[in-house]
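Note that ligands are numbered from 1 as they come in the structure, with each ligand's atoms numbered from 1 the same way.
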Amino acid sequence: MEGVKRGTVYGPLTMAVVMMCAVVVMVPGVSATRWTVGANMGWTTNVNYTIWAQDKHFYNGDWLFFVYDRNQMNVLEVNKTDYETCNSDHPLHNWTTGAGRDVIPLNVTRHYYIISGKGFCYGGMKLAIRVENLPPPPTSTPLNEKSSSPSLTSRSKIVLPMVFAIGAVWDAFLRFRY
Ligand SMILES: *[C@@H]1O[C@H](CO)[C@@H](O)[C@H](O)[C@H]1NC(C)=O
Ligand SMILES: *[C@@H]1O[C@H](CO)[C@@H](O)[C@H](O)[C@H]1NC(C)=O
Ligand SMILES: *[C@@H]1O[C@H](CO)[C@@H](O)[C@H](O)[C@H]1NC(C)=O
Ligand SMILES: *[C@@H]1O[C@H](CO)[C@@H](O)[C@H](O)[C@H]1NC(C)=O
């Protein structure tokens, strides 16, 4: 009994702690996006997922989130050929968990082809995306400058003493003259 009570008390607390940690972890990670496929329409019929995806950039580290009627549709990853022909006989990956809420981690830079089986692909329930590498964060610009800065400093190490040396010689020359 005590254990059950503790579970119900600490459950939300643990969730809050986990979520706070997730926020802390995600803030420096900048831009991992969880894409709800089809936006507020979800994963269903009568949505053109080519149009949904066309103005979006999917980056390595993002997720696809499928929300759908678990009694009807499913989420299958297939190859390009099977995407084009709506063949769900040999999926590369069955992402269907049974809850009608499935997540695909886009953790490889490549094309992903996802269809719904059970005949829905033929009606347009298919999604093809290309996952790109995350563009370099702003901090990479100073990093690049840093890599070129040693040559700058080493050059100024040579140039500056030379300027001083020439100046000193010139100064001495002038003093000598006047
Ligand atoms: C996709 O898989 C099918 C069946 O395994 C195969 O015949 C086809 O050549 C594959 N297509 C690609 C592009 O890999
Ligand atoms: C995909 O996996 C789900 C859950 O394990 C299972 O119910 C379903 O039959 C599988 N579908 C295919 C096409 O393999
Ligand atoms: C990508 O995620 C899948 C599913 O979580 C996992 O099986 C796979 O090992 C991951 N691949 C890489 C390269 O991290
Ligand atoms: C979705 O829209 C694209 C671009 O307008 C079009 O080429 C394609 O045929 C449409 N797909 C479906 C299933 O209607």
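Within a 6.0 Å radius of CZ in R110, other residues, nucleotides and ligands contribute more than 12 heavy atoms. Within 6.0 Å of the CG atom in N107, the count of heavy atoms belonging to other residues, nucleotides or ligands exceeds 12.
When distances from atom 9 (O) of ligand 2 to the protein are checked, no heavy atom turns up under 4.0 Å. There is a protein heavy atom closer than 4.0 angstrom to atom 14 (O) of ligand 2.
Ring centroid separation for the pair F58 and W35 comes in under the 6.0 Å cut-off.
Scanning N94, L76, D89 for the heavy atom closest to atom 6 (C) of ligand 2 points to N94.
Relative ring orientation between Y83 and Y113 is described as tilted, the plane-to-plane angle lying within the 30° to 60° band. The aromatic rings of H57 and Y59 lie parallel to each other, their planes meeting at an angle below 30°, with 60° marking the opposite boundary.
Protein heavy atom in closest approach to atom 3 (C) of ligand 1: N79 ND2, 3.6 Å. Nearest non-hydrogen protein atom to atom 5 (O) of ligand 2 is T96 O, 4.1 Å. Shortest contact from atom 4 (C) of ligand 1 to any protein heavy atom: H90 CE1, 3.1 Å.
Taking distance alone, with nitrogen or oxygen atoms compared against 3.5 Å, N107 approaches ligand 3 more closely than that limit.
Taking every heavy atom of P105 and a limit of under 4.0 angstrom, the matching atoms of ligand 3 come to 2 (O), 4 (C), 5 (O).
Evaluated for a side chain to side chain contact (heavy atoms under 4.5 Å, CB included) with R101, the options F65, Y68, W43 yield exactly one hit, F65.
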